[in-house]
Amino acid sequence: MTLQEAKFEYLLRLGDSSLIIGHRLSEWCGHGPILEEDIALINIALDFVGNATSILAYAGQVEGKGRNEDDLAFMRGEREFRNLLITEQPNGDYANTIARQFLFDTYMFYLYEELKSSKDETIAAIAVKSHKEITYHLRHTSEWMLRLGDGTVESHERLQNGLNDLWMFTSEMFDMDEVDAVLIKDGIVPDLNKIKASWEKRVHEVLAEATLQIPTTTFKQKGSKEGKHTEHLGFLLAEMQYVHRAYPGAKW
Amino acid sequence: MNTKEYSSEQIFKLLSEIPDPEIPVINIIELGILREVKFVDEVCVVVITPTYTGCPAMKVIEDDIKIKLKEIGIDKVKVELVLSPAWTTDWISDTAKEKLRAYGIAPPDHTSVDKKVLLGKARDLKCPLCGSKNTEMISQFGSTACKALYRCLDCKEPFDYFKCL
Ligand SMILES: [Zn+2]
């Protein structure tokens, strides 16, 4: 695998995860439990879509086949997407969304912290910019973990259920393959084992403070890094890509 | 065309007339969005940087720049978006902060994202309307990506806070 191929693949993993979770969050628009949360989730969605735009634009340049960020976002099929499985999981109830977001935000927080010192200047620049935003996201979701976890019997139960359901999707966040190996060698991306240690520590701390249990699920669902997704991604893409595909090349 | 009649400094100054689309009391230089103007082979290159990566105002600003330059006869314009160095609220000038306050938006009071952000401690902010420090955060996320929502417990008015980044 060449450096260029590895870089393109890795950028799709980063960009697709941001794009898909951004889209999921945007589904809350007009449905948030309270107005402030509605606004918060959409603000966060916007940051993710912005991050995806920067990363996919760069992915297109790296690939060198003339594809831009829109081509990559709207003209690829399900098996060509590299987003983590957790990002495509349906919103469920609000506690479920918070659980998903907290697990992913924590991952992204530590990953982008490392990417800030990437030897690739563009990746480093995007990471510096995005890490500032992610810091606010993680604060927000951490606060909600505490409020719901250490809240009422009902909110605690819903959040615990959300965590239990999503837990099997967390291990693939830290899986590494040839793509990682090629890029780690050149100091472009971090070793995910390092991210895993920080992630576990923080997740365990927040769960303990929120009186939640660490899920005992040992089953690990993976596949996203080879484009194998859960049944939910296809439906999401159908909605997200419809207009672009129905009116190719349309200009506002 | 007319490009030779203007220096990049003059154009930079001219672009200071463009207000931020979401906070019209301050312009794109005061906000730190406009970074550089240069000429590359007769093309006027304007470099801007986004406040937040997904900021939808960037497209509007790009269009405003092109319209402004067209007015003085400059057609060959390229607006470049750069992410590095990353925009920070530290670039907002003191006069601009005063304008924000007068407009009813509490200006950023700290440098960059401070460590407290992760610990969830909201800071004591002064109400831009009555000056009271007896305020509380309603939401970390407000009407636009760059703002948080607060309320004053004395004059009872809600207000926006331009959060540190
Ligand atoms: Zn007041």
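Note: hydrogens, waters and symmetry copies are ignored here, and every other heavy atom, side chains too, is used.
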Query raised in the report: With a cut-off of under 6.0 Å to the ring centre and 45° to the axis, is B/Arg35 in cation-pi contact with B/Trp91?
Result: yes
Report task. Measure the spacing between CG of A/Asn83 and CD of A/Glu88 and express it to the nearest 0.5 Å. Result -> 5.0 Å
Report summary line: Residue from B/Thr49, B/Thr53, B/Ile138 scoring the most non-hydrogen pairs under 4.5 Å with chain A is B/Thr53
Query - Face-on cation placement of B/Lys163 at B/Phe141 ring, 6.0 Å and 45° thresholds - result: yes
Query raised in the report: When only pairs under 4.5 Å are counted, which of A/Thr122, A/Thr53, A/Ile44 shares the most heavy-atom pairs with chain B?
Result: A/Ile44
Query raised in the report: Heavy-atom distance under 4.5 Å to chain A: side chain of B/Thr144, backbone, both or neither?
Result: backbone
Query raised in the report: Is the number of heavy atoms from other residues, nucleotides or ligands under 6.0 Å of B/Lys126 NZ greater than 12?
Result: no
